[in-house]
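In what follows, every chain begins at residue 1, and chains take the letters A, B, ... in the order their sequences are listed. The basis for the numbers below is simple: all heavy atoms, side chains too, and nothing from hydrogens, waters or symmetry mates.
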Amino acid sequence: MFIEYSEEQTMLRDSAEKYLRDNYTFERRQAVVNSEQGFSKEAWQTFADLGWLAMTFREESGGFGGGALETLLLCEQFGKYLVVEPYLESIVLVGGLIEAGAHPSVREEYLGRLLSGELQGAPAYLESANVADPLRVETTAQPFGGGFLINGSKTVVVNGPEADLFLVSARTGGTTANSRQGISLFLLERETPGLSWKNYKTYDGRSACELQLHNVKVDAESVVGRIGDAYKFSAPIMSRAIVAVCAEAVGAMDALLSATVEYSKQRKQFGQPISRFQVLRHRMADMYMEVELTRSLLLATAWKLDSGAPDAQQCLIALKAKVGKAGRFVAHNAIQLHGGIGTTDELSVGHYFKRLAAIGVMFGSRDSYLARYFQS
Amino acid sequence: MSDEEFRGEVRAFLEQALTKEIRRAGELMTSVFADFDATMAWHKILHARGWIAPDWPEAYGGTGWSLNQRYIFQEECKLANAPALLPMGLQMLGPMLIHYGTEEQKNYYLPRILSGEDVWCQGYSEPGAGSDLASLTTSAVRDGDDYVINGSKIWTSYAQHSNRIFCLVRTSKEGPPQAGISFILVDMDARGLTVDPIVGLDGTVEQCQVFFEDVRVPAANLVGAENQGWEVAKYLLEFERGGHNFTIDHKKQMAKIMRQANSQYGPDHNLWINNPVFRAKFADVAVDALALEFTELRIKGDLQAGGNPGALSSLTKVMGTEIGQRFNELSLEVMGDHALVKQLDALTPGYDGEVIGPLCGLTTMAEYINNRAATIYGGSAEIQRDIIAKRVLGL
Ligand SMILES: Cc1cc2nc3c(=O)[nH]c(=O)nc-3n(C[C@H](O)[C@H](O)[C@H](O)COP(=O)(O)OP(=O)(O)OC[C@H]3O[C@@H](n4cnc5c(N)ncnc54)[C@H](O)[C@@H]3O)c2cc1C
């Protein structure tokens, strides 16, 4: 297997890297994170203007036809520069699902505005009964006057406070609370009567909310994908989202490794740079190996997903499990080798660590993927 | 009194003495420190009962308990969610003053540590001197009856709450670096001393940087002789490392993870407690924790027989902190996305508003984040392994 990027792909990576390096400094990032609004309007608009938001959408949707590889190239840079803007939530998930299965009139109404940065979306699929299992849906959608009546609540809705649109999972059928059949997705505008929320921040610098749905009336056209088929229908988009966070993780690990190597050369103890201590040299060599192994799995997975390889899912499961382990190893040791300064809010190191911790649990933790890897 | 009778007495006391608010502060601990006000309230209650310093000799205010009784007391306090007491005065400075202090120093400072009137912080580390502590450069120059101190200390835990700081300062540049260090007690109100808070990864302040600009301190505040500070500090470090009982922390962590795993669902809508991967991982850490428990008991036995744990205290520091971190990781996996919610206000004991997500996950992420420091402070894991290699293995 040899992956060669096309000229366009190389350009995308380089331009993302250059733009973020020059403009998305850690100081600016922190200013955004500590502000009331959880993202920078200006940065988001630029991402749209540079064509990043539309990159992986079909041409007839106003996109550039990119696939998992393009998602990877962008998200790796987002990880490297600790971008907090909701690319994953608004574009990969909500945008991706609308493109894949929204009613044509709904798609017409919203997709262009999402990709131009005018609107934002938030996927609301987690429920507090079980955050590890997206099948555990207790929110119900009952037929009601040609449409549906939705009742329930969602937890840790990332980007919820900024979202104009919520994509909510609800049970329209299915015999047990965690049956694969019978889950449907609904697209709701924030103004829809019956929605209420409580906003908060997350440890990795995002904004999120708890979302309550009380007798929320929606029409039949707001169903995204076929009724009762959300699990199967959303699988390819979920795969893409997992590639996105894993690419972000690789970017973050890469940044941590460079920062640690740099710091170890400057920091002197016992009259010499700490990079001279063999135990630390070996640790950094181990960090390097973890980053590169993860990168290989990431590239292979994206490539296999794009080319429809039969073992793509197996690779994806392996990738998420590997990111859980490698992300932790690299982040823990980056802090360890920085010593006290690594435990402060002032340095970026700790913020990469917290993002990696979040990615580790998102879409299920390492343990659940190990179990699935064995089964597959 | 049998150990079990003693345990009963401690329990009965804790039952009535620990107020709801103080207990809450213990439950909400996300680092080695608890909420300051609750900690000091608890300190005063223990002081009133005469149980504030079980490890001190009876003549200085200790309880005269056996090692077993002291262990039982620690364990019962922890399991009842009493907030951890601040170790800087009780565990570090106190024993050191008892050993090295003058009569005047002992008479003045020890009762104030016991009563909680003085709150001490530890001024050792500097921006340029962490693992290599002996390279410290904060200087104290003799001027008449005073020393004049210039320089800076960093990572000083709870300096923002302290009225006194004990410092290692450089009094001589002659000879090896260890030979020019002195140990001095400084009043935080002194002119020229300022404290800058450092925000930690969880968004709260526990450490500070302390600056000294021509701070005058009476020469009588020196502990031990001039340039003898390194020896004094080494004595104290042994207390810092060896004095901690990790097994008690681990038991509390295990109990918490069990509560989490019994209430949270994992893949396939199985309670985590029934998940084979979780069980294997938990058992793996628990086995190491058990081995450490027996190692700590061995050390206790050695101490009882009048021996010295020596480098075994490095072993317990490395293993104790690393096992604790592995438990934190398990907790994080079990709590999953719930752990991402940042609610600092709900982590303060007086809070009576709404809590988002399961209560058992409220502290998970902050504990995981903050506990990374455990393998850095008090001699890093690398430095401890070096000590084992040198002192035990003779390498
Ligand atoms: C939460 C927290 C609370 C603290 N509280 C206090 C306090 O109250 N008072 C106080 O005085 N200090 C305190 N400290 C400081 C603590 O003691 C120092 O952080 C510690 O000594 C390490 O020093 P450093 O941070 O400068 O790291 P460095 O010494 O710069 O170490 C950086 C890395 O290099 C490694 N390293 C260094 N030398 C060697 C070697 N020879 N061989 C192999 N590896 C090596 C270290 O293990 C580490 O991984 C606290 C620190 C933290 C994080």
Which atoms of A:Ile341 come close to chain B, meaning under 4.5 Å heavy atom to heavy atom: side chain ones, backbone ones, both, or neither?
both
Point-to-point distance, once rounded to the nearest 0.5 Å, from OG1 of A:Thr343 to CD of B:Glu206:
9.5 Å
Let's test your reading of the structure: which of A:Gly324, A:Ala129, A:Gly340, A:Ser128 forms the most heavy-atom pairs below 4.5 Å with chain B?
A:Gly340
I'd like to verify something: which residue of A:Glu346, A:Arg328, A:Arg206, A:His351 has the highest number of heavy-atom pairs under 4.5 Å with chain B?
A:Arg328
Specify which of A:Ala371, A:Gly339, A:Gly364, A:Gly342 makes the most heavy-atom pairs with chain B at under 4.5 Å.
A:Gly339
Are side-chain heavy atoms of B:Met365 and A:Lys354 found at a separation under 4.5 Å?
no
Nearest heavy-atom neighbours spanning B:Tyr265 and A:Ala132
O-CB, 3.7 Å
More than 12 heavy atoms of other groups within 6.0 Å of B:Asp345 CG:
yes
B:Leu201 versus chain A, heavy atoms under 4.5 Å apart: side chain, backbone, both or neither?
both
With a 4.5 angstrom heavy-atom cut-off, which part of A:Phe277 approaches chain B: side chain, backbone, both or neither?
neither
Calculate, to the nearest 0.5 Å, the distance between atoms OH and CG belonging to A:Tyr200 and B:Leu344 respectively.
14.0 Å
Over 12 foreign heavy atoms within 6.0 Å of CD, A:Gln272
yes
In Å, rounded to the nearest 0.5 Å, how long is the span from CD of B:Glu382 to CZ of A:Arg283?
4.5 Å
For B:Ala134, is it the side chain, the backbone, both or neither that has a heavy atom under 4.5 Å from a heavy atom of chain A?
neither
How about B:Lys281: does its NZ atom have over 12 heavy atoms from other parts shown lying under 6.0 Å from it?
yes
Got a second to check how far B:Lys342's NZ is from A:Ser207's OG, nearest 0.5 Å?
12.5 Å
Could you report the tightest heavy-atom contact between B:Tyr368 and A:Ala357, atom names first, then the distance?
CE2-CB, 3.7 Å
Okay, side chain of B:Gln343, backbone of A:Thr202: is any donor-acceptor separation there less than 3.5 Å?
no
For the side chain of A:Asp345 and the backbone of B:Asp202, is there at least one donor-acceptor N/O pair under 3.5 Å apart?
no
Top of B:Val277, B:Leu340, B:Ile356, B:Asn275 for chain A proximity - count of heavy-atom pairs under 4.5 angstrom:
B:Leu340
Which bit of B:Pro276 comes within less than 4.5 Å of chain A, counting heavy atoms only: side chain, backbone, both or neither?
neither
Non-hydrogen atoms of chain B under 4.5 Å away: do they reach the side chain of A:Leu126, the backbone, both or neither?
side chain
Please classify the contact between A:Ser365 and chain B as side chain, backbone, both or neither, with a heavy-atom cut-off of under 4.5 Å.
side chain
Is there a side-chain contact (heavy atoms from CB on, under 4.5 Å) between B:Asp337 and A:Thr155 once you walk through the steps?
CA-CA 9 Å; B:Asp337 298 71; A:Thr155 192; over 6 Å; no
Scored by heavy-atom pairs under 4.5 Å with chain A, the best of B:Gln325, B:Glu354, B:Met335, B:Gln207 is B:Glu354
Looking only at B:Gly266, B:Pro267, B:Ser125, the option with the highest number of non-hydrogen pairs under 4.5 Å against chain A is B:Gly266
A:Arg372 portion near chain B, given a 4.5 angstrom heavy-atom threshold:
neither
Checking heavy atoms, do the side chain of A:Arg267, its backbone, both or neither come under 4.5 Å from chain B?
side chain
Per-residue contact mode, B:Ala381 against chain A (heavy atom under 4.5 angstrom):
both
I need the residue from B:Ile198, B:Asn370, B:Val334, B:Ile369 with the largest number of non-hydrogen atom pairs under 4.5 Å to chain A.
B:Ile369
In terms of heavy-atom pairs under 4.5 Å with chain B, which of A:Thr344, A:Ile335, A:Val158 leads?
A:Thr344
Restricting to non-hydrogen atoms, name the atom on B:Val341 and the atom on A:Tyr203 that form the minimum distance, rounded to 0.1 Å.
O-CE1, 3.4 Å
Could you check A:Arg366 against B:Glu329 for salt bridge (charged side-chain N to carboxylate O under 4.0 Å, His left out), going step by step and ending with a plain yes or no?
CA-CA 11 Å; A:Arg366 171 176 159 79; B:Glu329 292 174 35; over 6 Å; no
Separation between NE2 of B:His269 and CG of A:Asn130, rounded to the nearest 0.5 Å
5.5 Å
Just by distance, do the side chain of B:Asp132 and the backbone of A:Gln269 share a donor-acceptor pair under 3.5 Å?
no
Does A:Gln37 CD have over 12 foreign heavy atoms under 6.0 Å away?
yes
A:Gln336 versus B:Arg372, closest heavy-atom pair with distance
OE1-O, 4.3 Å
Is A:Ala208 in contact with chain B via its backbone, its side chain, both, or neither, using a 4.5 Å heavy-atom distance?
neither
